[in-house]
> 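I'd like to ask some things about the structure below.
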Amino acid sequence: MSKEVRLYDLAKVLRSKNAGPFELTLDIIFDDQESYETVKRSNVINRDLVCRLYRVRPEEVYHVVSFDAARAIKITIRRPVDSGGIGDTDVYGAQQHAPLIDVMIPVGG
Amino acid sequence: MKEMRILSPCGLLGYGFPDASFNKGLERNPDVIAVDAGSTDAGPQKLGAGVGIVSRQATKKDLLPILTAGQERNIPVIIGSAGGAGARTHVEWSMDVVEEIVRERGFSFETAVIYADVDRDYLHQKLDENRIEPLGPVPDLTHAAIDDAVRVVGQMGSEPIIDALDHGAQLIVAGRAYDPAPFAALPIRSGFDPGLALHLGKILECGALCAEPGTTKDAILGYLRDDHFIVEALNDSRKCYTTSVAAHTLYEKGHPYILHGPGIELDLSECTFEQQTEGTVKVSRSRVRATEKYAIKLEGSSQVAFRTIVIAGVRDPILIENIDEITRGVVSQIRDDYREVPQSDYEILFHIYGKNAVMGRLEPDGKPGHEIGVLMEVVASTQELANAVCATARSTMLHYPYAGRKSTAGNLAFPYSPSDIQCGPVYKFTVYHLVEVEDPCELFRTEYRKLG
């Protein structure tokens with residue numbers, strides 16, 4: 001029986017931050033190889049998901065890329081509003097990871 | 001084996017660090033103390049208004065042990081992005097603190113002050129020559145944007161700092177700099193591998209954020225060798241792990257292993273992170289490539305509006321349930337009250353804490369808590385208009401009627417009187433571009449001063 005686990009529970013680090021004033025970067029980092037491989041292989045974290053969760057167009061998703069040496073997946077998107085601009089809600093972009101929390105990852109088989 | 005030891009006291013000058021960690025770093029006989037003092041993270045207001053990220057008092061508190069160690073040990077002290085945004089006004093603000101310490105303590109330093117402000121005529125000329133391009137999702141630069149910017153800085157690479165070291169500077173106070181540059185300058189000058197030096201600099205510039213538990217308020221030490229470097233946390237309660245150091249490599253960068261800097265591209269795709277001892281991590285195979293053209297990042301900030309805000313709480317459940325309808329009603333009431341003012345002259349924004357203030361329209365939950373915080377924000381073309389609209393909107397919301405209302409005496413719990421907070425000018429990064437240069441130092445002006 002396969003089951004699903006929240007990304008928030010699998011990841012050691014789930015964070016967001018400015019990458020400059022116009023981009024937002026989201027890091028998903030794992031402290032064990034198995035969780036990293038599970039999430040990477042599931043291919044749940046992809047451009048379509050990012051477009052849906054962050055309401056950006058595909059061309060506004062600059063990177064969805066994994067980095068084996070850090071057991072990390074990085075997503076970089078256009079910031080909805082530039083940092084400190086009128087209408088911005090998070091100048092450092094430090095609390096924009098919430099839409100990823102409940103992403104479900106199939107585990108086991 | 002060649003080795004150079006680089007001490008980073010904290011992640012941002014003025015954030016503070018424990019004496020014990022810094023002293024432990026000094027016991028390791030560092031060859032240089034370097035510290036990053038800036039960031040664009042605090043938004044365009046720092047550059048636009050010419051203000052710092054930290055207080056003068058906090059800066060002085062941090063600088064005192066750093067300058068003392070530099071003086072006593074006769075090792076270089078290098079400060080990058082002085083004063084936060086690293087423009088002339090920020091550099092001078094930092095130098096004022098440095099000079100005060102030098103006077104009080106009787107120190108003496110051969111000092112280099114490197115200004116990063118970019119001349120408007122230079123920018124106009126570069127724009128005409130087609131040598132300025134947007135960095136990321138920003139519009140093409142225009143002559144009007146150059147003129148409108150309060151100030152523009154260029155982000156220096158290691159070269160102007162190396163040049164200052166060549167001139168015998170012991171203390172270098174640099175304006176806006178690529179974060180790793182102050183850490184990498186001395187090692188690159190001494191012939192160490194620039195890829196390793198810059199990668200190490202990228203890790204050290206945030207202080208102990210690469211350790212666990214991570215913080216910017218603590219010291220960290222890097223040992224740079226021929227074909228690797230080692231990162232060591234200096235506080236017994238923190239350890240560097242392969243995961244924490246690797247994680248920090250990709251911190252606040254768009255791509256995890258291709259990192260861009262002035263004239264360079266770091267390629268960390270082949271990097272290895274190994275646990276050296278308990279708490280120290282060894283990193284190898286960081287590579288750097290010189291870019292085909294040498295480009296420097298420009299940052300410029302313009303004043304775009306004025307802001308006034310009100311903070312209030314709401315506890316009534318019916319009111320909370322109807323909050324969106326109420327805020328929409330307040331806005332339309334204000335539009336009517338100020339019908340003689342063009343609508344484009346002002347904007348009213350509501351941030352409803354406890355519901356969706358952090359994520360806005362991206363909030364996946366949005367179910368409000370038992371109480372909510374209302375941050376009402378008015379941005380307008382003048383401060384006077386922002387104040388006026390904010391005051392009217394506040395009183396309108398305080399007494400706004402809605403269906404099923406039971407708490408008829410007032411809708412808002414203000415924590416303060418006066419309730420309205422004037423925030424002053426609002427800024428925007430209107431210059432965020434790359435300029436192609438002939439010489440990595442051409443934008444930067446270095447002044448040599450003998451202090452003390």
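Below, chains carry the letters A, B, ... as their sequence lines are ordered, and counting in each starts from 1. Side chains are part of it too, since the values below use all heavy atoms of this structure and drop only hydrogens, waters and symmetry mates.
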> Contact part of B:Ala247 toward chain A, heavy-atom cut-off under 4.5 Å: side chain, backbone, both or neither?
both
> Given a strict heavy-atom distance threshold of 4.5 Å, which part of A:Gln96 is in contact with chain B: side chain, backbone, both, or neither?
both
> Tell me, side chain or backbone of B:Val358 under 4.5 Å from chain A's heavy atoms, or both, or neither?
both
> Please find the pair of heavy atoms, one from B:Thr430 and one from B:Leu141, that lie closest to each other, and give the distance.
O-CD1, 4.2 Å
> Which atoms of B:Tyr251 are under 4.5 Å from chain A, going by heavy atoms: the side chain, the backbone, both sets, or neither?
both
> Between A:Asn18 and chain B, which part of the residue has a heavy atom less than 4.5 Å away: side chain, backbone, both or neither?
both
> Of the backbone (N, CA, C, O) and the side chain (C-beta and beyond), which part of A:Ser16 lies under 4.5 Å from a heavy atom of chain B, both, or neither?
neither
> One pair to check against salt bridge (charged side-chain N to carboxylate O under 4.0 Å, His left out): A:Glu37 and A:Lys40. What are the steps and the verdict?
CA-CA 5 Å; A:Glu37 290 292 341; A:Lys40 192 179 155 185; 5.3 Å; no
> Would you say the side-chain atoms of B:His199 pair up with the backbone N or O of B:Arg285, donor to acceptor, closer than 3.5 Å?
no
> Report the distance from atom CZ of A:Arg47 to atom CZ of A:Arg57, rounding to the nearest 0.5 Å.
13.5 Å
> Do any N or O atoms from the side chain of A:Thr76 and from the backbone of B:Gly254 form a donor-acceptor pair under 3.5 angstrom?
yes
> Taking heavy atoms only and a threshold strictly under 4.5 Å, list by residue number the residues of residues 255-262 of chain B that touch chain A; give 'none' if the list is empty.
B:His255, B:Pro256, B:Tyr257
> May I ask you to name which of A:Val91, A:Asp88, A:Val81 has the most heavy-atom pairs under 4.5 Å with chain B?
A:Val91
> Using a 4.5 angstrom heavy-atom cutoff, name the option from B:Val138, B:Thr249, B:Thr242 with the most pairs to chain A.
B:Val138
> Locate the shortest heavy-atom distance separating B:Thr40 from B:Glu299; write the atom from each residue and the value.
CG2-OE2, 3.2 Å
> Does A:Asp9 pair with A:Arg6 as a salt bridge, N-O distance under 4.0 Å?
yes
> Using heavy-atom distances under 4.5 Å, tell me whether A:Asp68 contacts chain B through its side chain, its backbone, both, or neither.
neither
> Run the salt bridge (charged side-chain N to carboxylate O under 4.0 Å, His left out) test on A:Arg15 and B:Glu252 for me, step by step, so that the C-alpha distance in whole Å, both residues' side-chain angles and the decisive distance to 0.1 Å come before the verdict.
CA-CA 10 Å; A:Arg15 68 186 180 191; B:Glu252 64 186 10; over 6 Å; no
> Indicate yes or no for a side-chain donor-acceptor contact from B:Gln275 to the backbone of B:Cys240 under 3.5 Å, with no hydrogens or angles considered.
yes
> Could you tell me whether the side chain of B:Thr327 and the main chain of B:Ile323 form a donor-acceptor pair under 3.5 Å?
yes
> Can a salt bridge be assigned to the pair A:Lys17 and A:Asp27 using a cut-off of 4.0 Å between side-chain N and carboxylate O?
no
> At a heavy-atom distance under 4.5 Å, which candidate from A:Ala19, A:Pro21, A:Ser83, A:Ala72 has the highest pair count against chain B?
A:Pro21
> Is there a donor-acceptor contact under 3.5 Å from the side chain of B:Thr215 to the main chain of B:Leu209?
no
> Could you tell me whether B:Glu363 and B:Arg361 make a salt bridge, using a distance below 4.0 angstrom between a side-chain N and a carboxylate O?
no
> For the interface with chain A, which of B:Ala42, B:Ser39, B:Ala305 has the highest count of heavy-atom pairs at distances below 4.5 Å?
B:Ala42
> Tell me, side chain or backbone of A:Leu53 under 4.5 Å from chain B's heavy atoms, or both, or neither?
backbone
> So which heavy atom on A:Ala69 is nearest to which on B:Ala246, and how close?
O-CB, 3.9 Å
> Which bit of B:Leu250 comes within less than 4.5 Å of chain A, counting heavy atoms only: side chain, backbone, both or neither?
both
> What's the verdict on side chain to side chain contact (heavy atoms under 4.5 Å, CB included) for A:Ile105 and A:Val103, showing C-alpha distance, side-chain angles and the deciding distance?
CA-CA 7 Å; A:Ile105 306 292; A:Val103 167; 4.2 Å; yes
> With a 4.5 angstrom heavy-atom cut-off, is it the side chain or the backbone of A:Val13 that approaches chain B, or both, or neither?
neither
> Most heavy-atom pairs under 4.5 angstrom with chain B, which of A:Asp90, A:Ile29, A:Asp31, A:Ile86?
A:Ile86
> Considering only heavy atoms and a distance below 4.5 Å, find which of A:Arg78, A:Arg71, A:Gln95, A:Glu60 pairs most often with chain B.
A:Arg78
> Spell out, as yes or no, whether a donor-acceptor pair under 3.5 Å connects the side chain of B:Lys217 to the backbone of B:Tyr15.
yes
> To the closest 0.5 Å, what do you measure between OG1 (B:Thr243) and NE2 (B:His248)?
13.5 Å
> So which bits of residues 265-273 of chain B come within less than 4.5 Å of chain A, counting non-hydrogen atoms only?
B:Leu268, B:Ser269, B:Cys271, B:Phe273
> Can you tell which part of B:Glu212 gets under 4.5 Å to a heavy atom of chain A, answering side chain, backbone, both or neither?
side chain
> Heavy-atom cut-off 4.5 Å, strictly under: side chain, backbone, both or neither for A:Tyr62 against chain B?
side chain
> Looking at B:Lys253, B:Gln45, B:Lys428, which has the largest count of heavy-atom pairs under 4.5 Å with chain A?
B:Lys253
> Verify, without hydrogens or angle tests, whether B:Gln383 (side chain) and B:Arg307 (backbone) share a donor-acceptor contact under 3.5 angstrom.
yes
> Among B:Gly136, B:Ala357, B:Pro137, who wins on heavy-atom pairs under 4.5 Å with chain A?
B:Pro137
> Going by the side chain to side chain contact (heavy atoms under 4.5 Å, CB included) test, name the single residue among A:Ile75, A:Ile45, A:Leu14 that passes it with A:Leu26.
A:Ile75
> Pick from A:Arg55, A:Glu23, A:Lys12: which one has the most heavy-atom pairs with chain B under 4.5 Å?
A:Arg55
> Under the 3.5 angstrom rule, does the side chain of B:Ser81 hit a backbone N or O of B:Ala177 as a donor-acceptor pair?
yes
